[in-house]
Every structure is written in structure tokens, then in C-alpha cells.
Amino acid sequence: MTVAAILAKKGRDIATIDPEATIAEVCDLLAARHIGAVIVVRGEAIAGIISERDIVRALSSAGASVLDHRVSDHMTRAVETATESQTVTEVMERMTARRFRHMPVVRDGRLVGVVSIGDVVKHRIAQAEDEAESMRNYITMV
């Protein structure tokens, strides 16, 4: 199965924010959308990603005043991306090995979706359940 299959089920809605927005604005967006990360875009280009973890680190080092800081001051700039044709297993392995929970999906350099580790795990569990059901059906048919 591929990343495209995940996006087909969950949709391609993408939360984005400008690098000049404040951390408070990101917090409002995260809370309103019930998500854990936002893709930071400048025009149509991915400039970074900012997650709950980035915000917690910033709060820990700078205190509540960080809410007035710009997103660009605390975002992760080296963003790893996936393509729709990559396998779910490959993306899950990359996310697990590098310890991040959100990965933008690009096609021809353009942002087309975001997958979370939760999306990937949910997909893998569904796949394992389907395989188990197929095996049960095969055994009972024999």
C-alpha cells in the first residue's frame, strides 16, 4: 500500500501557516483543527514544519514570551517529505527512525497532503486485519 491510499481515505486537507505568524497563532490553529503540526509555507514552497514538540521546547527555553515570537524562529527547517507512491511501510520506518510524527506529502515539488504516524499506524492495522480475515476465509474454504 502507498501513501496515496492513506490520503484517499483521510483527505488532503492541509493546515499551513506563514513563517511570520506568531507562535500564539500556531497554537490557536493547532487547537482549532485538533492537529499536532502545521506546515510552514512561503508562497507555495515548504519553509518548515512546526509541531507541538517545537512549541514545548520553545516554551521551556524562553517562557510564555515565546507566544509572541515568529514561527520561523522555532520551526524545523529541514523537512522530510514523502511522495504518494512511497509505501506505507517505508514512510513508517522513516518516521520511526527519525522520531517525527508528521510528514508532508509532495508531488512535483508541490504540497499535496500530510500524513501523521497515527494515519500510518491506523492504515497498517487495517491492512493486518484484512490479511488475517483473508487467511481465516482461506482456511475455512479448504
Side-chain angles (χ1 to χ4, degrees), residues 1-64 66-67 69-142:
M1 286 295 195
T2 64
V3 170
I6 293 175
L7 294 177
K9 278 194 170 182
K10 77 170 261 183
R12 294 176 180 268
D13 187 35
I14 308 166
T16 63
I17 198 158
D18 187 270
E20 300 306 311
T22 65
I23 297 298
E25 291 173 298
V26 171
C27 290
D28 289 343
L29 182 58
L30 291 170
R33 301 279 299 269
H34 305 285
I35 55 176
V38 177
I39 309 304
V40 183
V41 295
R42 184 173 282 116
E44 291 189 19
I46 298 173
I49 188 169
I50 188 150
S51 69
E52 295 164 323
R53 287 180 182 176
D54 295 321
I55 294 167
V56 167
R57 279 191 213 80
L59 282 166
S60 177
S61 65
V66 80
L67 294 173
H69 292 191
R70 292 178 311 179
V71 168
S72 60
D73 295 334
H74 301 284
M75 69 185 186
T76 300
R77 294 178 188 278
V79 180
E80 292 216 25
T81 61
T83 64
E84 295 168 292
S85 62
Q86 286 182 298
T87 67
V88 173
T89 301
E90 180 183 357
V91 169
M92 183 173 65
E93 287 172 356
R94 286 176 57 205
M95 293 174 88
T96 302
R98 294 181 177 95
R99 301 185 52 83
F100 52 85
R101 300 179 302 174
H102 301 87
M103 185 179 282
V105 181
V106 295
R107 180 189 320 131
D108 300 324
R110 294 180 55 112
L111 183 61
V112 296
V114 177
V115 293
S116 71
I117 194 69
D119 298 330
V120 172
V121 169
K122 180 179 176 181
H123 188 81
R124 291 285 301 190
I125 289 170
Q127 187 178 24
E129 288 172 349
D130 289 346
E131 290 170 0
E133 182 63 26
S134 293
M135 186 62 75
R136 279 191 294 274
N137 290 339
Y138 175 76
I139 291 169
T140 59
M141 298 284 270
V142 175

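These numbers were taken from a predicted model, which means no experiment stands behind them.
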- Message: For Ser116, give me all partners under side chain to side chain donor-acceptor pair (under 3.5 Å), at least two apart in sequence or on another chain.
- Response: Asp119
- Could you note down all residue pairs passing ring-ring contact (aromatic ring centres under 6.0 Å, His included) where residues 72-102 supplies at least one of them, sequence neighbours left out? His69-His74
- Query: Do the non-hydrogen side-chain atoms of Thr16 and Val40 ever get within less than 4.5 Å of each other?
  - Reply: no
- Answer yes or no: is there a side-chain heavy-atom contact under 4.5 Å between Ile39 and Ile14? yes
- Are any side-chain N or O atoms of Asp18 and backbone N or O atoms of Glu20, one a donor and one an acceptor, separated by less than 3.5 Å? yes
- Message: Nearest 0.5 angstrom please: His34 NE2 to Leu29 CG, how far?
- Response: 11.5 Å
- Message: Which residues pass the ring-ring contact (aromatic ring centres under 6.0 Å, His included) test with His123, not counting sequence neighbours?
- Response: none
- Message: As an exercise, state the distance from CD of Gln86 to CE of Met103, rounded to the nearest 0.5 Å.
- Response: 7.0 Å
- Item | Chi angles and distances behind the side-chain contact (heavy atoms from CB on, under 4.5 Å) call for Val112, Glu84 | CA-CA 9 Å; Val112 296; Glu84 295 168 292; 4.1 Å; yes
- Message: I need the minimum non-hydrogen distance between Val38 and Leu30, along with the two atoms involved.
- Response: CG2-CD2, 3.6 Å
- Query: CD of Glu44: more than 12 outside heavy atoms within 6.0 angstrom?
  - Reply: no
- Message: Once side chain to side chain donor-acceptor pair (under 3.5 Å) is applied, do any residues pair with Thr87, and if so which ones, sequence neighbours excluded?
- Response: none
- Query: Is any side-chain heavy atom of Ser85 closer than 4.5 Å to a side-chain heavy atom of Val3?
  - Reply: no
- How far apart are the closest heavy atoms of Leu111 and Gly113, and which atoms are they? CD1-O, 3.6 Å
- Note, Val105 side chain near Val115 side chain (heavy atom, < 4.5 Å): yes
- Item | Heavy-atom check, side chain of Arg107 versus side chain of Thr83, under 4.5 Å | no
- Do we see a donor-acceptor contact under 3.5 Å between the side chains of Thr22 and Glu25? yes
- Please identify each residue that fulfils side-chain contact (heavy atoms from CB on, under 4.5 Å) with Thr81, with sequence neighbours left out. Ile46, Val79, Pro104, Val106
- Which value, rounded to the nearest 0.5 Å, describes the distance between Lys10 atom NZ and Lys122 atom NZ? 9.5 Å
Side chains of residues 48-58: which donor-acceptor partners sit under 3.5 Å, not counting sequence neighbours?
| unit_1 | atom_1 | unit_2 | atom_2 | d |
| --- | --- | --- | --- | --- |
| Ser51 | OG | Arg53 | N | 3.3 |
| Ser51 | OG | Asp54 | N | 3.3 |
| Ser51 | OG | Asp54 | OD2 | 3.3 |
| Glu52 | OE1 | Arg101 | NH2 | 3.3 |
| Arg53 | NH1 | Arg99 | O | 3.0 |
| Asp54 | OD1 | Arg57 | NH1 | 3.3 |
| Asp54 | OD1 | Thr76 | OG1 | 3.3 |
| Asp54 | OD2 | Ser51 | N | 2.9 |
| Asp54 | OD2 | Thr76 | OG1 | 3.4 |
| Arg57 | NH1 | Arg53 | O | 3.3 |

- Determine the minimum heavy-atom distance between Pro19 and Arg42, stating which atoms define it. CG-NH2, 3.3 Å
- Which distance, rounded to the nearest 0.5 Å, do you find between the CD1 of Ile6 and the CE of Met92? 9.5 Å
